[in-house]
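Heads up: the structure comes next, in structure tokens.
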Amino acid sequence: MSGPAPILDIRALHKSFGATAVLQGIDLAVAQGELVFIIGPSGSGKSTLLRCCNRLEEPSAGSIMVDGADIMAPGVDLNAMRLRMGMVFQSFNLYPHMTALGNVTLALRKVQRQARAEAEERGRAALAQVGLAEKARSYPAQLSGGQQQRVAIARALALEPKIMLFDEPTSALDPELVGSVLTVMRSLREQGMTMLVVSHEMRFARDAADRVIFMDGGRIVEQGPPGALFGAPREPRTQAFLADIAH
Amino acid sequence: MDRWELFLETFFKSEVITRYWPEILSGLWVTIEVALAVVVAGLALGLALAVLRAYRILAVTALIVVFVDMFRALPPLVVVLIFYFGLPNIGIVLSNWTVLWLVLTLVLAAFAEEIFWAGILSVPKGQWEAARSTGLGFGQALVWVVLPQAVRLTIPPLTNRTIAITKNTALGTVIGVGEILNQATTATSFSGNATPLMLGAIAYLLLFVPVVMVGRWIETRFAWERA
């Protein structure tokens, strides 16, 4: 395969919890600007795969390169590596004791050592990017779920990551709030952000993804452009899964 | 002499009040001094131990748990007596003030460590993950994200425990620290009248009722600043 090196390059990734093998040899490369969607039944290992990317879960074996840097290398500065990857969680995980701006600027100030004024300028720009410039002084509890998730996206974006990892970003949201988060993700895509998304938003996957990956039993079963994967899945397991979620 | 006069004569005799209130007042200052020193040092040490425990180094954790369980189990009076009368035998001579301060500090630290540790554990795992995923180190995540939340959760139990232990400054009386109770019992034996004890009780009320009120205020103040 020629062309520019992938932003994320995962090879032979294995992860076990005790005797349970959750990931059994994942190979996955995500190109610059690509939006890759991971779907699959619960327990298929898709969240674990995402969490291995920034080593929130420690992989048992395999290699992970992010923008050309080996994040599994011994002695690697993991905190520096994590700045390259923004992560968005199902449960938002905003810091409840800080304002939206405080949430967004914490890592800018403490990890990147920016001065307060500089960090706040960057933080406000990130909040504006998710349409919440006017909520900078609000505490998480004063925001709706959708707004909280957008602040969480801004918190990751503020660090100007190479890739954004979304772990079921809309699963904890009331249906009427999902749209605002997907709108933000869509605009990120238009700005060329590389994204790896674990989600059940099939419509969004169909509309926005470049590639959809179906995982089951800790393996990638099938992948392809959304039209092909949703329209004409080859593998029986994919067909069964898609039939299950259709109703 | 009717009963009311007998009551006043026993507990509020004016000559005794006039003669001994300065002693009680000086005892009040000593109590305040010891209490403040205990609160500051005890809470600081308790927090430090809880933070240390968060690093989950087996040997360190074991030492902390042994220390904490010991000082939570022992009656403070026993420790005061051991430190004051026992330690000189192995060449460690501490002043009575120091013994009282040190023992109560250790006791408060033991309880405070348990409370802070429970607070740290009760902060959801997702808070750590969010912090670490943005590049914060373990210590940074602890200091900036987890501890501020943990400490707020611990304010009510901590306030109660701190007041309870601070009242133990009265134990100083058995080793001659000139705090409120010591002054009051001394004055009571000199005067042969219970009035100084009553003055002492009033001094405790003057000192601790405001503390209890401030404690309640802190609890409401530090309840989440939420809409």
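Residue numbers start from 1 in every chain, and the chains themselves are labelled A, B, ... in the order their sequence lines are given, proteins ahead of strands.
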Which atom pair, heavy atoms only, marks the closest approach of A:Asn79 to B:Leu136? OD1-O, 3.6 Å
What is the distance from atom OG1 of B:Thr134 to atom CG of A:Leu108, rounded to the nearest 0.5 Å? 9.0 Å
B:Trp144 side, atom CH2; A:His97 side, atom NE2 - distance, nearest 0.5 Å: 9.5 Å
Chain B contact via A:Leu94 - which portion, at a heavy-atom distance below 4.5 Å: backbone
I'd like to know whether [atom1] of [X] has more than 12 heavy-atom contacts from other residues, nucleotides or ligands below 6.0 angstrom.
X        : atom1 : value
B:Trp97  : CH2   : yes
B:Arg216 : CZ    : no
A:Arg116 : CZ    : no

Heavy-atom pairs under 4.5 Å with chain B: which of [options] has the most?
options                    : value
A:Leu56, A:Asn54, A:Asn103 : A:Leu56
A:Arg51, A:Gln112, A:Met85 : A:Arg51
A:Arg82, A:Arg84, A:Met98  : A:Arg82

Determine whether A:Tyr95 and B:Pro148 make a side-chain contact, defined as any pair of heavy atoms from C-beta on separated by less than 4.5 Å. no
Which of residues 59-66 of chain B have a heavy atom under 4.5 Å from any heavy atom of chain A? none
What part of B:Gln140 gets within 4.5 angstrom of chain A, counting heavy atoms only: side chain, backbone, both, or neither? side chain
